[in-house]
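These notes are about the structure you will find just below.
No hydrogens, no waters, no symmetry mates; every other heavy atom, side chains included, goes into these values. Since the model is a prediction, treat every value here as computed from it, not as a measurement. FYI, the numbering just counts along the sequence from 1.
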Amino acid sequence: MEFSIQHVWNSDPVDHQPVRIRFSPGDGSLRMEVCAPFFADPPAPAGPPGQPFPGLWDYEVVESFFLNSSSERYLEVEVCPHGQHLVLLLSGKHHAFTQQVPLSFSAVVTGNRWKGEALIPWSYFPPGVDKMNSYAIHGSGSGRSYEALYPVPPEDLQPGQGPDFHRLEYFQPFSLQSIMGEGWVQPESDLWKNT
């Protein structure tokens, strides 16, 4: 299943080739593949590739969120072209109860493009995922660009409003079974039992 991020957060079109995200079955996981323009702005985070990096959203990054819309429990997965990643488990809007968990992720930059692949363990997903959204961020200062797969519709924009990727009401229907097969049952996870 593949998605292209064709708009900035406020529904304006992007001015470059869209970021593409592909989801497919992995071994005990969901494979997330990113193919995106490489802007090299801002510079790389100071952390080592392959490791979690707090505040990764302040860099060039692609993010996917997986939501149970009834409980507002969701998984946020962030990956960057320099190899760092950040995974957050959230219960309620903006309320992360676990972050910086391990993730198998690698990225390669080739010229003005980058590709990355993450294997997201099933234990990281909240039970009953039924919606998702994905985002891409790059640039610095006034040139910072916030892109969204499912942006805020123009009719919902308010004066002075800025981007907020935790606007859960704009997430759209999504089924892990559509990737894994209709008979697939999501494994239970201890990470979500007390949230």
Side-chain angles (χ1 to χ4, degrees), residues 1-5 19-36 47-57 61-108 114-137 148-150 165-195:
M1 179 175 289
E2 185 168 304
F3 299 90
S4 292
I5 300 177
V19 171
R20 292 191 334 264
I21 303 170
R22 183 174 184 270
F23 299 113
S24 61
D27 184 17
S29 62
L30 181 70
R31 177 178 287 112
M32 175 181 166
E33 296 169 280
V34 174
C35 183
Q51 296 297 311
F53 188 85
L56 192 60
W57 54 82
V61 67
V62 172
E63 309 177 349
S64 285
F65 291 55
F66 304 91
L67 169 69
N68 174 318
S69 61
S70 297
S71 66
E72 290 196 350
R73 296 190 295 179
Y74 57 109
L75 166 65
E76 177 179 345
V77 178
E78 303 181 17
V79 295
C80 111
H82 306 286
Q84 297 84 355
H85 58 79
L86 183 62
V87 176
L88 299 97
L89 281 62
L90 300 100
S91 184
K93 188 175 173 179
H94 292 284
H95 185 260
F97 66 90
T98 299
Q99 57 183 312
Q100 298 184 50
V101 294
L103 182 69
S104 173
F105 173 66
S106 61
V108 175
W114 72 277
K115 292 183 178 182
E117 180 179 296
L119 295 174
I120 310 165
W122 292 123
S123 61
Y124 292 1
F125 288 83
V129 168
D130 62 352
K131 293 191 175 182
M132 66 84 71
N133 207 345
S134 291
Y135 306 97
I137 309 170
L149 177 62
Y150 303 119
F165 290 169
H166 297 262
R167 297 289 302 268
L168 306 180
E169 66 270 30
Y170 299 117
F171 286 35
Q172 295 297 313
F174 177 81
S175 167
L176 291 169
Q177 285 78 9
S178 65
I179 298 166
M180 301 305 296
E182 288 305 315
W184 179 81
V185 176
Q186 182 178 339
E188 289 189 29
S189 169
D190 289 339
L191 294 173
W192 294 93
K193 285 199 173 161
N194 297 319
T195 62

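A 4.5 Å side-chain heavy-atom check between Ile120 and Leu75 finds at least one atom pair inside the cut-off. Two residues are said to be in side-chain contact when any heavy atoms from C-beta on lie closer than 4.5 Å; Leu149 and Met132 meet this criterion. Contact check for Phe65 versus His166: side-chain heavy atoms found under the 4.5 Å cut-off.
For Ser175, the side chain to side chain contact (heavy atoms under 4.5 Å, CB included) criterion is met by Gln177, Ser178, not counting sequence neighbours. Partners of Glu72 by salt bridge (Lys or Arg N to Asp or Glu O under 4.0 Å), not counting sequence neighbours: none found. Checked against side-chain hydrogen bond (donor to acceptor under 3.5 Å, both in side chains), Arg167 has the following partners two or more places apart in sequence or in another chain: Glu169, Tyr170. For Arg73, the salt bridge (Lys or Arg N to Asp or Glu O under 4.0 Å) test picks out no residue, with sequence neighbours left out. Taking the side chain to side chain contact (heavy atoms under 4.5 Å, CB included) definition, one finds that Ala36 meets it with Val19, Val34, Trp114, sequence neighbours left out. Residues passing the ring pair (Phe, Tyr, Trp, His ring centres under 6.0 Å) test with Trp57: none are found, sequence neighbours excluded. Checked against side-chain hydrogen bond (donor to acceptor under 3.5 Å, both in side chains), Asp190 has the following partners two or more places apart in sequence or in another chain: Lys193. Not counting sequence neighbours, the partners of Pro54 by the side chain to side chain contact (heavy atoms under 4.5 Å, CB included) test are Gln100. Taking Gln99 as the reference, nothing meets the side-chain hydrogen bond (donor to acceptor under 3.5 Å, both in side chains) condition, with sequence neighbours excluded.
Checked against Phe66 for a ring pair (Phe, Tyr, Trp, His ring centres under 6.0 Å), the options Phe174, Trp192, Tyr74, Phe171 give a single hit: Phe174.
Minimum heavy-atom separation, Ala136 to Ile5: N-CD1, 4.0 Å.
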Show me the side-chain donor-acceptor pairs of residues 26-33 shorter than 3.5 Å, one per line, residues at least two apart or across chains.
unit_1 : atom_1 : unit_2 : atom_2 : d
Ser29  : OG     : Asp27  : O      : 3.4
Arg31  : NH1    : Pro25  : O      : 2.8
Glu33  : OE1    : Arg22  : NH1    : 3.0

May I have the list of side-chain donor-acceptor pairs in residues 121-130 shorter than 3.5 Å, sequence neighbours left out?
unit_1 : atom_1 : unit_2 : atom_2 : d
Tyr124 : OH     : Pro102 : O      : 2.5
Asp130 : OD1    : Ser69  : N      : 2.9
Asp130 : OD1    : Ser69  : OG     : 3.2
Asp130 : OD2    : Ser69  : OG     : 2.8

Which donor-acceptor pairs under 3.5 Å do side chains of residues 85-92 form with protein atoms, sequence neighbours excluded?
unit_1 : atom_1 : unit_2 : atom_2 : d
His85  : NE2    : Gly50  : O      : 3.3
His85  : NE2    : Leu103 : O      : 3.4

